[in-house]
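Heavy atoms only: backbone and side chains are in, while hydrogens, waters and symmetry mates are out.
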Amino acid sequence: MALRVALHPAGAVLGVVAYLKVRQAQRLVREGKRTQGVVTRLESTQIAPGSDATTTSSRSSGTTVYYPVITWATDDGRAMETRTNIARPKNRTLAVGTRVEVRYDPAAPSRWTLPAEGNGLWWLFTALGGLFMVIGLGFFLGALMHGL
C-alpha cells in the first residue's frame with residue numbers, strides 16, 4: 001500500500017523536474033545566444049547491474065554508453081567544455097568532430113542546450129511523472145474511500 005501511495009509524490013517530482021528541463025531548453029532555443037561547438041571527446045560509462053532498477057534492464061546491464069563532450073566559446077571569448085545530459089550507445093551518439101549548434105544563456109553559460117537534440121526524452125519523463133502521479137492519487141483516494 002505504501003508503494004502505491006508513494007507513486008503520487010514521486011510522480012509529481014519526476015514530472016515537475018522533467019517539465020522544468022523542457023521549459024529551460026525551449027527558452028534557450030528561443031532566446032539564447034547561438035554559437036558553434038564541436039564534439040571533442042566521448043565520456044564513457046557502464047550501466048552497472050542493479051544500479052537503478054527503474055531504468056536498467058537485464059539487456060542493458062553492463063552496456064557501455066557515451067556522453068558527448070562539446071567545446072565551444074561564449075561571445076565574450078570564454079572557452080566552455082560541456083557534457084550532454086544523455087548518454088547513448090556509441091552508434092547512436094554524436095561522433096567526435098561533429099559540429100553542433102549550441103544555445104546558451106549569456107548571463108549563465110552553464111545553462112545551455114543543443115537544439116538538434118530535441119526534448120523528446122524530457123517530454124517522456126514529464127508524461128511518466130504525470131502518469132505515476134495520477135495512479136498514485138487514484139490509489140490514495142481509493143484507500144481513503146475504503147477507510148471510511
Side-chain angles (χ1 to χ4, degrees), residues 2-141:
L3 174 63
R4 292 177 183 168
V5 175
L7 287 174
H8 174 250
V13 169
L14 175 67
V16 167
V17 168
Y19 180 73
L20 291 173
K21 182 69 177 168
V22 168
R23 292 287 307 212
Q24 177 184 355
Q26 287 176 332
R27 185 184 62 75
L28 287 170
V29 168
R30 200 174 48 250
E31 301 169 7
K33 285 282 199 176
R34 181 185 319 206
T35 191
Q36 289 294 307
V38 66
V39 177
T40 53
R41 62 187 165 85
L42 300 175
E43 282 186 10
S44 64
T45 189
Q46 195 168 42
I47 300 173
S51 63
D52 186 354
T54 60
T55 59
T56 61
S57 68
S58 59
R59 282 186 316 163
S60 62
S61 179
T63 301
T64 301
V65 290
Y66 300 85
Y67 293 96
V69 176
I70 299 156
T71 302
W72 53 280
T74 61
D75 280 355
D76 61 3
R78 283 183 280 172
M80 303 293 292
E81 184 177 80
T82 50
R83 187 186 86 171
T84 62
N85 292 326
I86 299 171
R88 294 188 175 115
K90 196 168 196 174
N91 65 341
R92 294 187 52 220
T93 195
L94 296 168
V96 172
T98 302
R99 298 189 71 70
V100 293
E101 178 185 332
V102 176
R103 297 283 181 103
Y104 70 96
D105 180 346
S110 62
R111 288 195 297 252
W112 64 281
T113 192
L114 300 177
E117 288 288 290
N119 290 317
L121 186 62
W122 294 112
W123 277 118
L124 175 66
F125 287 145
T126 302
L128 285 174
L131 177 65
F132 289 156
M133 188 175 79
V134 168
I135 290 170
L137 189 56
F139 284 129
F140 178 71
L141 292 175

Query - With Val39, the side-chain contact (heavy atoms from CB on, under 4.5 Å) member among Thr98, Thr93, Val69 - result: Thr98

Query - Flag for Thr40-Thr71: side-chain donor and acceptor within less than 3.5 Å - result: yes

Query - Rounded distance (nearest 0.5 Å) linking atom CE of Met80 with atom OH of Tyr104 - result: 9.0 Å

Query raised in the report: Taking atom OG1 of Thr45 and atom OH of Tyr67, what is their separation to the nearest 0.5 Å?
Result: 6.0 Å

Query - For Trp72 against Thr82, the heavy-atom pair lying closest together - result: NE1-OG1, 2.9 Å

Query raised in the report: Looking at CD of Glu101 and OG1 of Thr113, how far apart are the two atoms once the value is rounded to the nearest 0.5 Å?
Result: 10.0 Å

Query - NZ-CG distance between Lys33 and Leu28, expressed to the nearest 0.5 angstrom - result: 13.5 Å

Query raised in the report: Shortest non-hydrogen contact from Pro89 to Val65?
Result: N-CG1, 4.0 Å

Query raised in the report: What is the minimum heavy-atom distance between Tyr66 and Ser44, and which atoms define it?
Result: CE2-CB, 3.4 Å

Query - Residues that Lys90 engages under salt bridge (Lys or Arg N to Asp or Glu O under 4.0 Å), provided they are two or more places apart - result: none

Requested in this report: Taking all non-hydrogen atoms of both residues into account, name the closest pair between Ile70 and Thr84 and its distance.
Outcome: CD1-CG2, 3.8 Å

**Report entry** Criterion side-chain contact (heavy atoms from CB on, under 4.5 Å) on Arg111 and Arg103, from CA distance to verdict
**Finding:** CA-CA 9 Å; Arg111 288 195 297 252; Arg103 297 283 181 103; over 6 Å; no

Requested in this report: Taking salt bridge (Lys or Arg N to Asp or Glu O under 4.0 Å) as the test, write out the residues that go with Glu43, two or more places apart.
Outcome: Arg41, Arg83

**Report entry** Verdict with reasoning, Val100 to Val38, per side-chain contact (heavy atoms from CB on, under 4.5 Å)
**Finding:** CA-CA 6 Å; Val100 293; Val38 66; over 6 Å; no

Report task. Can you see which heavy atom on Pro106 is nearest to which on Pro109, and at what distance? Result -> O-CD, 3.8 Å

Report summary line: Rounded to the nearest 0.5 Å, the CD atom of Gln46 sits from the OG1 atom of Thr63 at a distance of 8.0 Å

**Report entry** Residue pair Val102 / Leu114, side-chain heavy-atom distance below 4.5 Å
**Finding:** yes

